[in-house]
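Notes for the one structure printed next.
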Amino acid sequence: MANHELSEQEIVRRNSMNALRERGIEPYPAAEYPVTGHTAEIKENFKDDVEPLREVSVAGRIMSRRIMGKASFMELQDADGRIQIYVSRDDICPGEDKEFYNVVFKKLLDIGDFIGVKGFVFRTQMGEITIHAKEITVLSKSLRPLPIVKMKDGKAYDAFTDPELRYRQRYVDLVVNPGVRDIFLKRTRMFNSMREYFNSFGYLEVETPVLQSIPGGASARPFITHHNALDIPLYLRIANELYLKRLIVGGFEGVYEFSKNFRNEGMDRTHNPEFTCMEIYVSYKDYNWMMEFTEKMLEKICLDVNGTTKVQVGDNEIDFKAPYRRITMTDAIREKTGFDITGKSEEELRAFCREAGIETDPSMGKGKLIDEIFGEKCEGSFIQPTFITDYPIEMSPLTKRHRENPELTERFELMVNGKELANAYSELNDPIDQYGRFVDQMRLADKGDDEAMIIDADFIRALEYGMPPTSGMGIGMDRLAMLLTGQTTIQEVLLFPQMRPEKKQQQKEESEEKDA
């Protein structure tokens, strides 16, 4: 980057970097730095009136400084939090040469720089646990100033709160907004808790292909790419369901996978084109068993992540304590709209949609129409965890027919805070029935439904070898993370959400300003 493009602060920092090198101090040293303690642990284990005082070696970013002649204070931030550092000129420069303190520390180091500090832990007269520095090592020079929040007359200035900047520059967001780090620590605990739950049953974590020759296992629009060596189109997976069920055919009794899925569809507060889904399949089980398994799992995860089954999301307090309410889709639609979908033809469903102001298009069959009715008139009203069960067969091409009503399927979706969180079936293991369902999907594709499933001949072949009775469940991990951390947008729980390229975003904003 040329100098005329740099801000004044960036020029000063580059000059400081060069000045460090002139003094024989490498601003980006390669050697390992010995870290013996972290801020949270140091504070937790500190005890007054214990001799000798604990010697520590810590490393992190300078987040604030108060220069006061021969002695100074600064705040150091590591992965666990912040701790105060006391710096005395005569302690870090015990000889006659005081240049390191007077020039390097006071003038050439900046907020945002990484340093190592060796010293002992004590408590100041103000009661703050502090590290008394005996040695300071430059570890990395920061060439851009951090947006540090400043307070004046009770108002915050320079806060890094613009979502566009926060998501695009997540590395800055994590440094200056401590609450963001907590979100992703909870997200990791959520994954660990779920793994522990599955592993306690002896189920096997596996991996399945991301690049697939057929985008199967869900109704969605895929991303398409081309494999040069094979000269064939390939699709980024929209789901991993059909591969996991192949493993059940192969003899595994329980398998699960945390998979990155990709759907070439819209982006909004609850959708990202790349998302994380967990799917699990267990032999000799049905959807009734899976409901109990799921609610117990979610109760455990909530306790592991937050220490309570209750979470606050906006104005809603949601309680994940099992058991959860269960209601059929037919009863849910009747309860919310007064309309009974039982036995209704496609034309009757379409007529109701017109009367209810629900948008439809000619490509929609019965399943899509029912889905639109439920989505528009029912879904948003289910705030507490609720299992919506027994979906019409047209909506569920991979699901076993209901044992009491062949027009329905043994399927549930778990609704929480007005959105689908989990989807599960008693899996269809009849290969002839499954082939017929795929054919029905192809008819929808011929009508223009670009989300209809494609016939997967190899999956049919696998079923022909025999798949035992099985229940499967998929859960949106990003949406679960939103609930457990009280977030209302999916971008808040993704470290690097999909963003419009910066130049295109700038052009969009300029166009909107002109239109305004």
Side-chain angles (χ1 to χ4, degrees), residues 1-31 33 39 58-79 81-93 97-119 130-131 133 135-153 155-162 164-166 168-178 180-181 502-503 506:
M1 184 182 291
N3 277 354
H4 68 272
E5 297 177 309
L6 301 176
S7 69
E8 181 180 347
Q9 287 195 53
E10 288 171 319
I11 293 171
V12 168
R13 286 173 179 248
R14 280 163 171 74
N15 291 339
S16 296
M17 174 188 67
N18 294 330
L20 287 170
R21 287 198 169 110
E22 289 171 1
R23 286 163 172 76
I25 299 173
E26 172 53 48
Y28 306 103
Y33 187 80
T39 55
V58 299
R61 284 186 189 269
I62 301 172
M63 297 303 292
S64 67
R65 296 200 302 169
R66 301 193 305 278
I67 305 295
M68 302 180 298
K70 295 180 181 181
S72 302
F73 286 93
M74 63 180 170
E75 198 173 31
L76 195 75
Q77 177 172 292
D78 65 9
R82 298 185 183 188
I83 194 166
Q84 181 170 265
I85 310 293
Y86 170 73
V87 183
S88 167
R89 183 192 68 179
D90 294 333
D91 283 334
I92 65 170
C93 301
D97 185 0
K98 308 297 183 183
E99 183 184 37
F100 186 89
Y101 181 83
N102 292 332
V103 178
V104 174
F105 176 74
K106 292 174 69 173
K107 298 179 180 179
L108 302 184
L109 292 184
D110 293 290
I111 291 175
D113 291 352
F114 279 90
I115 62 170
V117 176
K118 293 181 180 179
T130 301
I131 297 174
E135 179 184 310
I136 293 177
T137 303
V138 179
L139 299 178
S140 181
K141 183 68 185 167
S142 171
L143 299 184
R144 287 178 181 260
L146 290 171
I148 301 298
V149 179
K150 300 179 182 65
M151 299 298 295
K152 185 177 181 181
D153 299 328
K155 293 183 179 180
Y157 295 89
D158 298 331
F160 196 65
T161 56
D162 184 339
E164 173 74 18
L165 287 176
R166 288 182 51 240
R168 197 178 295 283
Q169 299 179 33
R170 183 68 86 186
Y171 39 88
V172 177
D173 191 28
L174 288 165
V175 173
V176 301
N177 292 323
V180 175
R181 183 189 302 268
E502 289 188 66
K503 286 186 178 179
Q506 188 175 4

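Atom set for the values below is all heavy atoms of this structure, side chains included, hydrogens, waters and symmetry mates excluded.
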| query | Residues in ring-ring contact (aromatic ring centres under 6.0 Å, His included) with F73, at least two apart? | reply |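 For F73 the ring-ring contact (aromatic ring centres under 6.0 Å, His included) partners, ignoring immediate neighbours, are Y86.
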What distance separates [X] [atom1] from [Y] [atom2], expressed to the nearest 0.5 Å?
X    : Y    : atom1 : atom2 : answer
I85  : I136 : CD1   : CD1   : 8.0 Å
M63  : M74  : CE    : CE    : 13.0 Å
I83  : I131 : CD1   : CD1   : 4.0 Å
R21  : L108 : CZ    : CG    : 13.0 Å
E75  : I62  : CD    : CD1   : 11.5 Å
L109 : I115 : CG    : CD1   : 6.5 Å

Between [X] and [Y], is there a donor-acceptor pair closer than 3.5 Å when you use the side chain of the first and the backbone of the second?
X    : Y    : value
D113 : S142 : yes
Y33  : V138 : no
Q77  : V175 : yes

Could you work out, with salt bridge (Lys or Arg N to Asp or Glu O under 4.0 Å) as the rule, every residue matching [X], not counting sequence neighbours?
X    : value
E99  : R23
R65  : none
D162 : none
D173 : R166, R170

Provide the closest heavy-atom pair for [X] versus [Y] in the form atom of the first, atom of the second, distance.
X    : Y    : answer
M17  : P27  : CG-CG, 3.7 Å
F105 : S72  : CE2-CB, 3.8 Å
R14  : L6   : CD-CD1, 3.4 Å
D91  : A133 : CB-O, 3.8 Å
P29  : E26  : CD-O, 3.3 Å

Quick one: list whatever passes side chain to side chain contact (heavy atoms under 4.5 Å, CB included) with [X], sequence neighbours left out.
X    : result
Q169 : F160, L165, Y171, V172
S140 : Y28, F114
K107 : none

Applying side chain to side chain donor-acceptor pair (under 3.5 Å), name anything that partners [X], two or more places apart in sequence or on another chain.
X    : answer
R181 : none
S16  : none
R61  : none
D90  : K98

| Sub-4.5 Å side-chain heavy-atom contact between R82 and T39 |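 Sidechains of T39 and R82: no contact.
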| query | Side chains of R66 and Q84: does their closest heavy-atom pair fall under 4.5 Å? | reply |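 With C-beta onward as the side chain, the pair touches.
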